[in-house]
K.L.:
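Mind having a look at this structure? Questions to follow.
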Amino acid sequence: MNHFEPRDGELACEDVPLRRIAEAVGTPVYVYSSATLERHFTVLRDALTGAGLKDPLIAYAVKANPNLAVLRTLGALGAGADTVSEGEVRRALAAGIPAERIVFSGVGKTAAEIAFALDAGVAEINVESEPEMRLVDRIAAERGVRAQIAIRVNPDVAAGGHAKIATGKSENKFGVSFSEAERLYAQASNAVGLKPVGVACHIGSQITDLAPMAEAFGKMRGLVERLRAEGLSVERLDLGGGLGVPYFNQPTPPSPADYAAMIGRVMQGLDIQLAFEPGRVIAANAGVLLARVLHVHERPEGRRFLVLDAAMNDLLRPAMYDAWHDIRPVAPRAGEAGPYDVVGPVCETGDTFARDRALPPFEAGDLVAFMSAGAYGASMASEYNSRPLAPEVLVKGDRYAVVRARPTYEEMLAREAAAPWL
Ligand code: LLP
């Protein structure tokens, strides 16, 4: 459920008509709904606590939507943060999320990033390989602290919507095998700079089937039991993110309640704190990308192009993953739906949001909304073709605020300089 619904025939975000935002801020623009973010977080939290899980840490995956106002909205509800770079750790801290709710993951953390995370006092550094564990040990020992680490395990389970976002198979770059995890955990408990607090996994994103998750989580439980049988303390089990969302014509994902119930079953009787790293399920349906139709271009061969002022640099998912986003007119015109190719102005054929999409009639100047664009939309945007980053707006009830302004062309150019010999 989200809060983008028609009001008096026009699409609104909560109580604010999208047209008002487009007129005031310009297009393309990302628009987020506070009520939807809050609802998604509380539904998931209530489902997890309702399934009898003790004090779960819900560390929102910052990469999905790292806007400070989004982080602040979720942080105020008790969300932690799953981060994968110093930049994300800094964002989470700047948004007021306490370090003890921040998890630092990622396959290749630099020494500087690890040092920063240790100095900030993050709850857990998820180490993904033996060399990385050695590096964390050395940096922590130099500082006279013991880094709280979790070993990221690759459970070798296939899951996730698209090959580019599946992470849980052994051929993927993420994490270590179960046997390696046992060896590393034992070593870590004797290292001067390390305090192993748990084990972690994340098997992929946009997962719409609970079975692979249940399989992976069952294997993780087995690992915790083996480690404990060896006399090692395991306080936390981090199950990652990955729960899918409905992108309209995709398979219907399990509800947070079904997800939580499955976890309750798999973990029954295991006395442990569970951690989660949900991104998409919190943010995707809490945001839209609002764009304007520049031209309706009919080719004599019969194709009809809807040329928008948004492009692949603003919303990369269709070009990168063949992702399907629902495209809605903000103020639908009467008339029969017909097929459109919806494209952006970037000089690549890949800059195509949809082909042969049945849509109602459009005219130049009309507004369209790309639905479910709150996760991995703005966060993956670039300035390709020297197009300034789209601004971001957060709505709450009948109010809205620009939470990231559109950079001016002057700002864009001022970041660069001529080399001395030019
Ligand atoms: N934890 C880890 C370690 C991750 O790598 C990810 C996502 C998450 C949590 C959050 O997963 P989520 O709950 O959002 O599925 N750009 C792609 C998605 C990439 C996901 C990468 N890792 C897309 O637009 O579909």
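Both ligands and their constituent atoms are indexed starting at 1 by order of listing.
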K.L.:
Cation-pi check, K109 to F104: give yes when NZ or CZ is under 6.0 Å from the six-membered ring centre and within 45° of the ring axis, no otherwise.
P.N.:
yes
K.L.:
Counting from 1, what ligand 1 atoms have a heavy atom of G241 closer than 4.0 Å?
P.N.:
9 (C), 13 (O)
K.L.:
Is the NZ or CZ atom of R357 positioned over Y340's six-membered ring, under 6.0 angstrom from the centre and within 45° of the axis?
P.N.:
no
K.L.:
Determine whether V393 and V403 satisfy the following criterion, side-chain contact (heavy atoms from CB on, under 4.5 Å), listing intermediate values before the conclusion.
P.N.:
CA-CA 5 Å; V393 165; V403 293; 5.8 Å; no
K.L.:
Please could you name the atoms of ligand 1 that R152 approaches to less than 4.0 Å, counting only its heavy atoms?
P.N.:
3 (C)
K.L.:
For ligand 1, which atoms sit closer than 4.0 Å to a heavy atom of P278?
P.N.:
13 (O)
K.L.:
What part of D82, side chain, backbone, both or neither, has a heavy atom within less than 4.0 angstrom of ligand 1?
P.N.:
side chain
K.L.:
CD of E5 to CD of E10: how many Å apart, nearest 0.5 Å?
P.N.:
14.5 Å
K.L.:
Around atom CZ of R399, are there more than 12 heavy atoms of other residues, nucleotides or ligands at under 6.0 Å?
P.N.:
no
K.L.:
Would you mind listing which atoms of ligand 1 come within a distance below 4.0 Å of any non-hydrogen atom of G279?
P.N.:
12 (P), 13 (O), 14 (O)
K.L.:
Going by the side-chain hydrogen bond (donor to acceptor under 3.5 Å, both in side chains) test, name the single residue among R280, H325, Q206 that passes it with Y247.
P.N.:
R280
K.L.:
Just go through Y321, Y247, Y60 and tell me whose heavy atom is the nearest to atom 17 (C) of ligand 1.
P.N.:
Y321
K.L.:
Of the backbone atoms (N, CA, C, O) and the side-chain heavy atoms from C-beta on, which set of F174 has a member under 4.0 Å from an atom of ligand 1: side chain, backbone, both, or neither?
P.N.:
neither
K.L.:
Answer with side chain, backbone, both or neither: which part of R280 has a heavy atom less than 4.0 angstrom from an atom of ligand 1?
P.N.:
both
K.L.:
Which atoms of ligand 1 have any heavy atom of G242 under 4.0 Å away?
P.N.:
11 (O), 12 (P), 13 (O), 15 (O)
K.L.:
R152 and salt bridge (Lys or Arg N to Asp or Glu O under 4.0 Å): which single residue from E132, E128, E180 fits?
P.N.:
E128
K.L.:
Relative to the heavy atoms of M380, which atoms of ligand 1 are at a distance of less than 4.0 Å?
P.N.:
16 (N), 24 (O)
K.L.:
What atoms of ligand 1 come closer than 4.0 angstrom to any heavy atom of E277?
P.N.:
1 (N), 2 (C), 3 (C), 8 (C), 9 (C), 10 (C), 13 (O)
K.L.:
Only one of Q273, Q148, K195 passes side-chain hydrogen bond (donor to acceptor under 3.5 Å, both in side chains) with E235; say which it is.
P.N.:
K195
K.L.:
Look at the rings of F370 and F353 and say which category their plane angle falls in: under 30° parallel, 30 to 60° tilted, over 60° perpendicular.
P.N.:
tilted
K.L.:
How does H202 reach ligand 1, by side chain, by backbone, by both or by neither, if only non-hydrogen atoms under 4.0 Å count?
P.N.:
side chain
K.L.:
Go through ligand 1 atom by atom and flag the ones less than 4.0 Å from a non-hydrogen atom of S205.
P.N.:
11 (O), 12 (P), 14 (O), 15 (O), 20 (C)
